[in-house]
Novice: 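The structure follows.
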There are 2 protein chains.
Amino acid sequence: MSTRRGPIQVAIVDDYDVVVIGVANMLEPYRDRVVVAELDTNKPLVDDVDIALYDSFAQPESDHDEIRTLIDNPLARRVVVYTGNFHPELVSMARDLGVHGYLSKALSGRELVAALEAIHAGETVISSSAAQARNTVGDWPGRGEGLSDRESEILALITQGKNNAEVAALTYLSPNTVKSYIRGLYRKIDVDSRTQAVLWGVRNGFLPDHRRIEHWRGGP
Amino acid sequence: MSTRRGPIQVAIVDDYDVVVIGVANMLEPYRDRVVVAELDTNKPLVDDVDIALYDSFAQPESDHDEIRTLIDNPLARRVVVYTGNFHPELVSMARDLGVHGYLSKALSGRELVAALEAIHAGETVISSSAAQARNTVGDWPGRGEGLSDRESEILALITQGKNNAEVAALTYLSPNTVKSYIRGLYRKIDVDSRTQAVLWGVRNGFLPDHRRIEHWRGGP
DNA sequence: CAGACTAACCCACCTAGGGGTGTGCCACGA
DNA sequence: TCGTGGCACACCCCTAGGTGGGTTAGTCTG
């Protein structure tokens, strides 16, 4: 395995194309330094990448299991979590698993590229959690309809069939908080029930487009 | 408007293609006597038909309103209800509205054609309700997965976003009965919650394919 | 600095939904 | 005849989900 020159190869691991495309668009101006590997096919992974960028948005299983899958696969040289969630339990879990970066979704494109380069060069980069909530960049389903990224994630998990307790566990929120978010998002999309919310979600891009983590199971 | 010779033109009014195709297949051997008009397009109705055959399966609005829409449209010479439901309130409502037939889904294809011909000739035909449950012919979503026609109808209404009270009202069943059916169908499709049932329904043909009643609103 | 806004969270209350158990009727097949 | 399955229904119990009302802490902006 030779040391390779050229832009850093990054694979974005998330099931929602709109999210992946949002990140890819952010990185696009820097394509001489970072390039997004396309994992849109149904084939297992065959080429290694420099960085597997695990986007936490609406992942259907526990982050622990999914990050472990990435760490266990030698085809990802570096594993980086890209998230708005700085819950301490989550951060320490990820570090215990050995991730090489834990990056905030509030980073600008320039900052994100710089962090990826540092990680590629061997550093471990952990974003501070400051100013993360309000300044989230990127894209998510329902953004055009006025849903915040958190509301979007919760609706995505509901549209995957999760109940409130499952949503709370996956997002590291309390059940009460989940209910509060649900109330708000129902108002925004003008529905009265979970069933109607799911149907709205199905029609508006809240079903996962892929199961990208499956490309990473089992190793080569 | 001249009296026309040739097979009777029948328009089947239901939103699920599998149901319409099931009826059409039943009538196919008799195509010299009865032919099914295709209303699969998004255009308003332009040609009249001899009989509008209103299939009650999983209609999303009250039967009263939908049958009235058909009765009020002069492009349907005769309006016939085709159903497994012989709830007295429903039968008398339909007759009060002026339907020319109320036909059982347990009729064989031969019997159905004979009834349609009698109706076309000016008679009013009301099926007896005997032996209707077990011998339903035709097709419905989820039949291949072991759902009865009633279970299928209830899942279709759930997949349209109706709550149990709404399902009960639309099917002329008690809320307790609806719950019993739900319990049974959940077991058959192996789901634990309404949300999962809706997602299963979305994937397995339980969303309406059309809004066929819209072709009949407002008249020419 | 103060105010506005947002995210995260709480509690109380009520009903919609689902599990369990059971009844009765009918039709059909072994 | 008995068993099974479908239809329709009842009652009991419990929690998942939703509504309403609120608090706290952090961030940003004028």
Side-chain angles (χ1 to χ4, degrees), chain A residues 84-90 104-106 128-136 146-155 157-158 161-169 171-198, chain B residues 83-90 104-106 128-136 140 142-143 146-155 157-158 161-169 171-198:
Chain A
N85 192 341
F86 280 74
H87 193 282
E89 194 181 318
L90 186 53
S104 163
K105 286 206 168 181
S128 81
S129 60
Q132 42 113 355
R134 168 149 320 178
N135 303 310
T136 300
L147 295 187
S148 72
D149 59 335
R150 206 64 154 157
E151 284 165 339
S152 172
E153 182 171 27
I154 284 171
L155 180 56
L157 292 170
I158 287 173
K162 313 296 182 189
N163 64 31
N164 286 356
E166 286 165 338
V167 172
T171 53
Y172 296 84
L173 297 175
S174 93
N176 291 313
T177 306
V178 169
K179 281 190 181 185
S180 298
Y181 277 120
I182 285 170
R183 201 168 7 197
L185 81 88
Y186 280 17
R187 215 171 283 127
K188 285 181 181 179
I189 66 177
D190 191 30
V191 298
D192 294 317
S193 70
R194 204 173 193 83
T195 302
Q196 287 171 21
V198 166
Chain B
T83 183
N85 192 341
F86 281 73
H87 193 280
E89 194 180 318
L90 186 52
S104 165
K105 287 206 168 181
S128 80
S129 60
Q132 42 115 352
R134 163 80 50 104
N135 302 311
T136 301
W140 53 86
R143 188 178 168 198
L147 295 186
S148 72
D149 61 332
R150 206 59 157 162
E151 285 165 338
S152 170
E153 181 171 27
I154 284 170
L155 180 55
L157 291 171
I158 286 173
K162 313 296 181 188
N163 64 31
N164 287 357
E166 286 166 338
V167 173
T171 53
Y172 295 83
L173 299 175
S174 94
N176 292 312
T177 307
V178 170
K179 282 190 180 183
S180 296
Y181 278 119
I182 285 171
R183 213 170 354 212
L185 80 91
Y186 279 17
R187 216 171 283 125
K188 285 183 182 178
I189 65 176
D190 191 30
V191 299
D192 295 316
S193 70
R194 205 173 190 84
T195 303
Q196 288 170 22
V198 166

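Order of the sequence lines fixes the chain letters, A, B, ..., with proteins taken first and strands second; residue numbering starts at 1 for each chain.
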Novice: Can you sort out the partners of B:Arg143 under salt bridge (charged side-chain N to carboxylate O under 4.0 Å, His left out), two or more places apart, ordered by chain and number?
Specialist: B:Asp139

Novice: Under 4.0 Å, heavy atom to any atom of DNA chain D: which of residues 183-194 of chain B qualify?
Specialist: B:Arg183, B:Lys188

Novice: Between atom CZ in B:Phe86 and atom C1' in C:dC25, what is the gap in whole Å?
Specialist: 18 Å

Novice: Between C:dG18, D:dG18, D:dC7, which nucleotide has the shortest distance from any of its atoms to the side chain of A:Ile182?
Specialist: D:dG18

Novice: How close or far is atom P of D:dG18 from atom CD of A:Gln196, stated in whole angstroms?
Specialist: 10 Å

Novice: How close do B:Ala168 and B:Pro175 get, counting heavy atoms only, and between which atoms?
Specialist: CB-N, 4.0 Å

Novice: Hey, which of these two, B:Thr195 or B:Tyr172, hits DNA chain D nearer its 5' end, going by closest nucleotide?
Specialist: B:Tyr172

Novice: Provide, to the nearest angstrom, the distance between the CZ atom belonging to B:Arg143 and the C1' atom belonging to D:dG6.
Specialist: 15 Å

Novice: Without decimals, in angstroms, what is the distance between A:Asn164 CG and D:dT19 P?
Specialist: 11 Å

Novice: Among D:dG18, C:dC10, D:dC7, which nucleotide sits nearest the side chain of B:Asp149?
Specialist: D:dC7

Novice: Considering only side-chain heavy atoms of B:Arg150, which listed nucleotide, D:dA8, C:dC9, D:dG17, is closest?
Specialist: D:dA8

Novice: Please report, rounded to the nearest Å, how far the P atom of D:dG6 is from the OH atom of B:Tyr181.
Specialist: 10 Å

Novice: C:dT6 phosphate, OP1 or OP2: any side-chain N/O from A:Ser148 under 4.0 angstrom?
Specialist: no

Novice: Side-chain donor or acceptor of A:Thr177 under 3.5 Å from a matching atom on the base of C:dC10?
Specialist: no

Novice: Could you state the atom-to-atom distance from CD of B:Glu153 to C1' of D:dC7 in whole Å?
Specialist: 13 Å

Novice: Under 4.5 Å between any side-chain heavy atoms of B:Glu166 and B:Leu157, yes or no?
Specialist: no

Novice: Decide yes or no, distance alone: a donor-acceptor N/O pair under 3.5 angstrom between the base of C:dC9 and the side-chain of A:Ser174.
Specialist: no

Novice: Give, for atom CD of B:Gln196 and atom CG of B:Asp190, the distance between the pair rounded to the nearest 0.5 Å.
Specialist: 9.0 Å

Novice: Nearest to the side chain of A:Asn163, which nucleotide is it out of D:dA16, D:dC9, D:dG18?
Specialist: D:dA16

Novice: Rounded to the nearest 0.5 Å, what separates atom CG in B:Leu173 from atom OH in B:Tyr181?
Specialist: 6.0 Å

Novice: B:Asn85 and B:Arg150: side chain to side chain contact (heavy atoms under 4.5 Å, CB included), yes or no, with the steps?
Specialist: CA-CA 10 Å; B:Asn85 192 341; B:Arg150 206 59 157 162; 3.8 Å; yes

Novice: Rounded to whole Å, please give me the gap between CG in A:Leu173 and P in C:dT6.
Specialist: 18 Å

Novice: Mind checking A:Asn176 for me? I need base, sugar-phosphate or nothing, with any heavy atom below 4.0 Å counting as a touch.
Specialist: base

Novice: If the test is side chain to side chain contact (heavy atoms under 4.5 Å, CB included), which one of A:Asn164, A:Leu155, A:Val167 qualifies with A:Ile182?
Specialist: A:Asn164

Novice: Can you measure B:Lys179 atom NZ to C:dG17 atom P for me and round it to whole angstrom units?
Specialist: 9 Å

